[in-house]
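Report on the following structure.
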Amino acid sequence: MYTQALDIPQQGADKGPKAVENPAYQAEFDAKIDAGGYIEAKDWMPEAYRKTLVRQISQHAHSEIVGMLPEGNWITRAPTLKRKAILLAKVQDEGGHGLYLYAAAETLGVSRDELLDALHTGKAKYSSIFNYPTLTWADIGVIGWLVDGAAIMNQIPLCKCSYGPYARAMVRICKEESFHQRQGYDLLLTMMKGTDEQREMVQDAVNRWWWPSIMMFGPHDKDSVHSGQSARWGIKRISNDDLRQKFVDATVKQAEVLGVTMPDPALQWNAERGHYDYGAIDWDEFWNVVNGHGQGNVDRLAARVKAWEDGAWVRDAALEHERKRAAREDQAA
Amino acid sequence: MERKEWPLWEVFVRSRNGLDHKHCGSVHAPDAKLALQVARDVYTRRQEGVSIWVVQADHIVASDPDAKPELFDPAEDKIYRHPTFYQLPDEVNHM
Amino acid sequence: MTTPNPAPLAAHLEYVTRLGDNALILGQRMSEWCGHAPVLEEDMALGNMSLDLIGQARMLLTHAGKLEGQGRDEDQLAFLRTEMNYRNLTLCELPNADFGRTMVRNFLFASFQVLLWERLLASHDSELAAIAAKSIKEARYHAQHAGDWVVRLGDGTAESHERTQAALDYLWPYTAEFFVVTPSDEAAAAAGIGPAWSELEAAWEAAVVPVLNEATLTVPARTPFKSWGKFGRHSEHLGHLLSEMQYMQRTYPGAQW
């Protein structure tokens, strides 16, 4: 994930990829995409491709770091030391994923500070799922199972996306992500073998998280604004509805093994389609949360802004110390 | 004091003895010491490495993607550099 | 060399419990940072250090449970004791406050832990020696990482210097407790379990003072201030930390997680 700071001889001043629209470059770019090749940071790319990638990758990065908060809410209350370690390692992984993704976005000529500023000022979006509250310990298991499960469905195809730095970040993320889903399911299995109270807690968490999870795949294909162009560019490889169906199909069996029911009476096998049918998604709810009216929107963002602002003196001090140290070194030399 | 971002460092990890260091990502850090430490914390959490290099990103000099044809195409027809170019009798073909 | 007398179990148990509780309580405190650090990179670093400490706590409390012989496992010890039965240093339970105080605390404590683990490598308690062999590497890294930060912050901007000095002034009095002589320490030392912590004072000062000097910080003078966490008498902060940490085990007695 080398970056915009990377210097190319004779081209030093031009930090970003060449933005000039040029038919010859465009043809070369299109041919590379069509052949399933990779675009690298310094290659020519259409400006719209670059912008779309910056938006998509940074939204994904923001989602990872905002996503640390709902689960982080339970680290200090984890019921056993083993679960505490697992959860902390998992939330820490999410920070790592955010970091890999910011680095991938930075190769496109934006800085992490600019991206964070867009998050902090509300200009950038992150996945709405993280605006829902984590109310009981079972939520930690259900987030691993359903939310991470849905995320993996979305992420695996991106390991082959056309932008090299993004694809490589996704390969690393997906490797780490499979532990997340499994630990969540394992946590729930243990609870389901416990007391009635524990089983009720799991069912309640499933009731609250099921619909938000399947909303994570985004609007239906017919209503999705960016899908067509993104598919053409190879940065979105499978449609929202196809991924959602895949997720639903995979999850029903897992719910059976676990012994929970999904809060959707319309959920049933359709032999003709070879898939599970599911009920109508409440898109008003989805858009309300996307547009800032979810229970957690304000608090999540405030927590990120506070961490950033509280840390400003630390970041400044480190730079100042290095400046002093280098100056002393120069003087000594 | 003008607020600015910590510099970016590229991270190269040797996954085990005998292998090359391989680029695996980047980190922001104010100095080389912390760059190494956080590279360790970010990129070797799952025993991915036995050695780390960090290089400040703007110290890397890279080839120009536009120069790909003149840099790399001339190697294309030097097929005699590759062992498979030489057909040897079966009895000695493991050479 | 003469064979040391076996320590009375109480002293041995107390010694191991103290080590375990230090790791447990500071690990819990540091885990509060997760998602709230000044930069993402430091979130990762703090997470790793917290995980190291929680790992140490698990090994030490498991070992303590065996020494105790009442069938209590790491979780029963970690979550189901009453406040006075925790034997951690008071320093470990103090709130994180800002990043400066967190780093100064980590530095003061990890430097002490390094010295302890070094001596415990030769413990006659082979289990403890094995835990020391694993933990010393972690403690060295923590001391290095935190010590570097103390220097950056102490010798950084005017604001960071002021904050870091304030953190040191606040924390320093609590470090006297590290070296207070306890009867169980002497018994444990006599039995070859581990050093009396009071023996480590000079080496600890020799380790931390040069770094504090490099950080341009003033090392506070010793005052009559005393704290007694390792004797089971804590600050007001521990009760709140425990009520949060113990919440699940207290609310759902006997449940498996």
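Just so it is clear: chains get the letters A, B, ... in the order the sequence lines come, proteins before strands, and each one is counted from 1.
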Check your understanding: Under the side-chain contact (heavy atoms from CB on, under 4.5 Å) criterion, do C:Met245 and A:Thr76 qualify, and how do the steps go?
Key -> CA-CA 6 Å; C:Met245 188 173 85; A:Thr76 56; over 6 Å; no
Practice item. Under the side-chain contact (heavy atoms from CB on, under 4.5 Å) rule, what do C:Tyr252 and A:Met201 come out as? Steps first, then yes or no, please. Key: CA-CA 12 Å; C:Tyr252 306 99; A:Met201 228 189 280; 3.4 Å; yes
Point to revise | Worked check of salt bridge (charged side-chain N to carboxylate O under 4.0 Å, His left out) between A:Arg83 and C:Asp75 | key: CA-CA 11 Å; A:Arg83 292 288 177 200; C:Asp75 290 323; over 6 Å; no
Exercise for review: Begin from the C-alpha positions of C:Asp43 and A:Leu99 and carry the test side-chain contact (heavy atoms from CB on, under 4.5 Å) through to its verdict.
Suggested key: CA-CA 10 Å; C:Asp43 245 321; A:Leu99 202 155; over 6 Å; no
Check your understanding: Would C:Gln28 and A:Ile75 count as a side-chain contact (heavy atoms from CB on, under 4.5 Å) if you check the C-alpha gap in whole Å, the side-chain angles of each, and the deciding distance to 0.1 Å?
Key -> CA-CA 9 Å; C:Gln28 170 80 2; A:Ile75 291 173; over 6 Å; no
Review point. Going through the distances and angles, do C:Glu41 and A:Arg315 end up as a salt bridge (charged side-chain N to carboxylate O under 4.0 Å, His left out)?
Key: CA-CA 11 Å; C:Glu41 280 79 358; A:Arg315 296 189 301 275; over 6 Å; no
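Neither the backbone nor the side chain of C:Leu46 has a heavy atom closer than 4.5 Å to any heavy atom of chain A. There is no contact between A:Arg325 and chain C, counting heavy-atom distances below 4.5 Å. Interface remark: A:Arg323 contributes no atoms to any contact with chain C (heavy atom separation under 4.5 Å). In this structure, the portion of C:Ala37 lying under 4.5 Å from any heavy atom of chain A is its backbone and not its side chain. Both the backbone and the side chain of A:Lys82 come within contact range of chain C, each with at least one heavy atom under 4.5 Å from a heavy atom of that chain. For C:Trp33, no part lies near chain A; criterion is any non-hydrogen pair under 4.5 Å. Contact annotation for C:Glu42: neither backbone nor side-chain heavy atoms come within less than 4.5 Å of a heavy atom of chain A. Heavy-atom distances place both the backbone and the side chain of C:Glu244 under 4.5 Å from chain A. Only the side chain of C:Arg163 has a heavy atom closer than 4.5 Å to any heavy atom of chain A. Heavy-atom distances place no part of A:Glu309 under 4.5 Å from chain C, backbone and side chain included. Contacts between A:Met192 and chain C at a heavy-atom distance below 4.5 Å are absent for every atom of the residue.
Looking only at atom types and distance, the side chain of C:Thr157 has no donor-acceptor partner in the side chain of A:Glu320 under 3.5 Å away. Between the side chains of C:Asn48 and A:Gln92, at least one donor N or O sits under 3.5 Å from an acceptor N or O.
In this structure a side-chain-to-backbone donor-acceptor pair under 3.5 Å is present from A:Lys324 to C:Gly156.
From C:Phe99, atom CZ reaches atom CG of A:Asp310 across 12.5 Å, with rounding to the nearest 0.5 Å. Distance check, rounded to the nearest 0.5 Å: CG of A:Leu69 to NE2 of C:His36 gives 5.5 Å. With rounding to the nearest 0.5 Å, the separation of OG in C:Ser31 from CZ in A:Arg77 is 12.0 Å. Here the straight-line distance linking atom CG of C:Asp155 with atom CD of A:Glu322 works out to 11.5 Å at 0.5 Å rounding. The line from CD1 of A:Ile65 to CG of C:Leu40 is 6.0 Å long, rounded to the nearest 0.5 Å.
C:Gln249 places a side-chain heavy atom less than 4.5 Å from the side chain of A:Thr80. Under the 4.5 Å side-chain criterion, counting only non-hydrogen atoms from C-beta, A:Trp74 is in contact with C:Met248. Between C:Leu153 and A:Trp313, some side-chain heavy-atom pair lies under the 4.5 Å cut-off. Counting heavy atoms from C-beta on, the side chains of A:Val314 and C:Ser160 never come closer than 4.5 Å.
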